[in-house]
Amino acid sequence: MPVKAVYPDVVIPDEDLWTYQFEQKSKPFAEDREIYIDPDTGRSYTWAQTKATALEFGRGLRAAWGFQKGDVLGFFSNNTIDFAPAFFGVLWCGGAAMTANPAYTATELAFQLKDSGSRGIITQAAFLPIATAAAKEAGIPLDRIILMGDGRDQQFKHFTSIRDTANKISPSSRARLDPKKDLAFLVYSSGTTGLPKGVMLTHTNVVANLVQLLDLDGKYNGLHHTGEPDGKGDKQLAILPFFHIYGLTCIALQGLKMGLQVVVMPKFDLERTCQIIQKHQITYMCIPPPIVLALAKHPLVDKYDLSSVKWLNSGAAPLGKELVEMVWQRLKIPVMQGYGLSETSPTLTKGAVADWAKYNGSCGKLLPNILAKIVDMDGNELAQGEEGELWVKGPNVFPGYLNRPELAADTFSKDGYFRTGDIGYYDKKGNFYITDRLKELIKYKGFQVPPAELEAKLLGNPQIDDACVIPAHDRERETEVPRAYVVLKPGTEKSDAKAREIQEWLDAQVAEHKKLRGGVRFVDEIPKNASGKLLRRVVREMARKEDRV
Ligand code: 4UU
């Protein structure tokens, strides 16, 4: 029997995201409550200003570009308080927001723009060189690049100046959508294998995940618009990027829904994080494991008073129990874990603060309305306590990858479960533990690194006959790092200098987080099975031995 959530089922409204966020009859907090706050400039958006700015931008986009239902706008930016008003503008038109990592090279961005059929790009002044190069590569006219954030540029319009000045578009002409079918977000993930693919998230998927999180975070984890310590409400620090689904749903959208304040950091920096926590009295944060490590060990942390923080939620990559213990010893802050995927909007399981110590190491319990099973390699269900692949079903599970219907059979089981590609088990109380990964994905500090992308580049190098990229473990940084195992062409010298040369050659072509930080190793052959399929597990074992994991 599949495992059911221990939490009671919740009702998922049949509404699009705009309706769910902005058109509810009763709302528990005032419309002039500040939601998004820029700690550098003091600029902010209240709930009402977020809605009004989104509406103006949406009408402008429709008037200027004819942007409409089914269209896609590419988001290429660091965190800014303008992010949410801009993407709600896109949703108002009935379009979907595609998000890309601002660390991308022009080629990486162009791939995503083309693949998603983006009609334009919204970016920040600092990223214009990459955005314009990518637009040219993807065939997007330069007047379809618009800016958000504080920087300005003479050539490119800011999104707040894209307005329907002729009042051609009625404020009440918001696109009519089918929440179960129409897309809200297109985020990119490599899934279980290959290159990044567009993860289609429908309005219902995202609304469902917000509703599933609402009770858990409200009732059990104590988040509230009147939250303590000062009764002025809980405040989170958005360190996680909004271009990634964890930051998008769990921070940007959840904050707006629950009236939790979101202090928005453009990019992670430890000292600035500590300063902001102290100054703004931050009460909770969603973070990836390397930041848990910094809080556990970095000397800087001692200079600041972080006592306003009630709890931390770590996710996006595996976290060691010892670090959780160290953060508690040092700061008396509980760290619990959440677990999810881009494909599940994202959250599948989450811890409850009261249980953090008892279930340290666990990613928590299934959110309401989710069914799960652990299966063996043949898809047979395993019992409680047994380790296998995790399969899930629920309203937050995506319908498939954009333009890739042929992947459906590998992505979903015959009985309709989504195969996560993660390995784990659950205990008697329904706590889940993620212990390993079946799929080839590598996570550098929570960011996706698709090995297939790096392997394709390595195989294009004339000195290389074969290559396999796997996750090595960097304990000092509490993260996986990509490492390449390479078969050189006969006669090519296997030296440290050659390994460095290959590493530098590859690193120059890819985004920062995809660099071969785990180094290059030379081998005589890459293990393959009889049909020529790469045996990644065998290569990963080689790395584990070397790293003594
Ligand atoms: C071990 O990383 C995400 C979503 C993360 C997330 C984390 C906490 C969401 C909600 C939350 O509360 O999405 P992707 O698509 O970038 O990567 C998904 C993969 C998973 O398949 C798994 O391999 O990231 C890994 N992962 C984790 N691994 C995510 N969370 C965890 C975790 N422990 N807690």
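Along the sequence shown, residues carry numbers from 1. As the structure lists them, so they are numbered: ligands from 1, and atoms in each ligand from 1.
- Side-chain atoms of Asn431 never come within 3.5 Å of backbone atoms of Ser362 as a donor-acceptor pair (strictly under, hydrogens ignored).
- Looking at atom 7 (C) of ligand 1, its nearest protein heavy atom turns out to be Ala316 N, 3.4 Å.
- Protein heavy atom at the shortest distance from atom 11 (C) of ligand 1 is Tyr246 CE1, 3.5 Å.
- Looking at His244, Lys443, Met336 and measuring to atom 17 (O) of ligand 1, the nearest heavy atom belongs to Lys443.
- Of the protein's non-hydrogen atoms, Gly338 O, 2.8 Å is the one closest to atom 34 (N) of ligand 1.
- Comment: Glu440 does not engage Arg537 in a salt bridge, judged by the lack of any side-chain N to carboxylate O separation of less than 4.0 angstrom.
- Of the candidates Thr249, Ile434, Ile423, Asn313, the one placing a heavy atom closest to atom 12 (O) of ligand 1 is Asn313.
- Taking the charged nitrogens against the carboxylate oxygens, Lys180 and Glu15 have no contact shorter than 4.0 Å, which rules out a salt bridge.
- Of the candidates Gly340, Gly421, Ser342, the one placing a heavy atom closest to atom 18 (C) of ligand 1 is Gly340.
- Those atoms of ligand 1 with a heavy atom of Gln337 less than 4.0 angstrom away are 32 (C), 33 (N), 34 (N).
- In this structure, Lys429 is not positioned above the aromatic face of Tyr359 in the sense of NZ or CZ being under 6.0 Å from the six-membered ring centre and within 45° of the axis.
- Looking from atom 10 (C) of ligand 1 to the surrounding protein, the closest heavy atom is Thr347 OG1, 3.2 Å.
- Considering backbone and side-chain atoms together, Arg437 places an N or O closer than 3.5 Å to an N or O of ligand 1.
- Judged by the shortest distance from any of its heavy atoms, Lys350 lies outside the 4.0 Å radius around the atoms of ligand 1.
- Residue contacts with ligand 1 for Ala317 involve N, CA, C or O but no side-chain atom from C-beta outward (heavy atoms, distance under 4.0 Å).
- For Gln448, a nitrogen or oxygen atom sits less than 3.5 Å from a nitrogen or oxygen atom of ligand 1, counting backbone and side chain alike.
- Of the possible polar contacts, one joining the Asn209 side chain to the Thr347 backbone as a donor-acceptor pair under 3.5 Å is found.
- Atoms of ligand 1 lying under 4.0 Å from any heavy atom of Asp422, numbered from 1 in the order shown and given with element: 20 (C), 21 (O), 22 (C), 23 (O).
- Of all the atoms in ligand 1, the ones that sit under 4.0 Å from a non-hydrogen atom of Lys439 are 20 (C), 21 (O).
- The main-chain N or O of Asn221 is found under 3.5 Å from a side-chain atom of Trp311 such that the two form a donor-acceptor pair.
- One finds a salt bridge joining Lys350 and Asp217 here, because a Lys/Arg side-chain nitrogen approaches an Asp/Glu carboxylate oxygen to under 4.0 Å.
- Evaluated for a side chain to side chain contact (heavy atoms under 4.5 Å, CB included) with Leu295, the options Thr273, Leu323, Ile333, Leu306 yield exactly one hit, Leu306.
- Partner of Gln21 under the side chain to side chain contact (heavy atoms under 4.5 Å, CB included) criterion, chosen from Leu91, Asp16, Val207, Leu210: Leu210.
- Under the 30°/60° scheme for interplanar angles, the aromatic rings of Phe29 and Trp47 are found to stand perpendicular.
- Near Pro346, the atoms of ligand 1 lying under 4.0 angstrom from a non-hydrogen atom of the residue are 9 (C), 10 (C).
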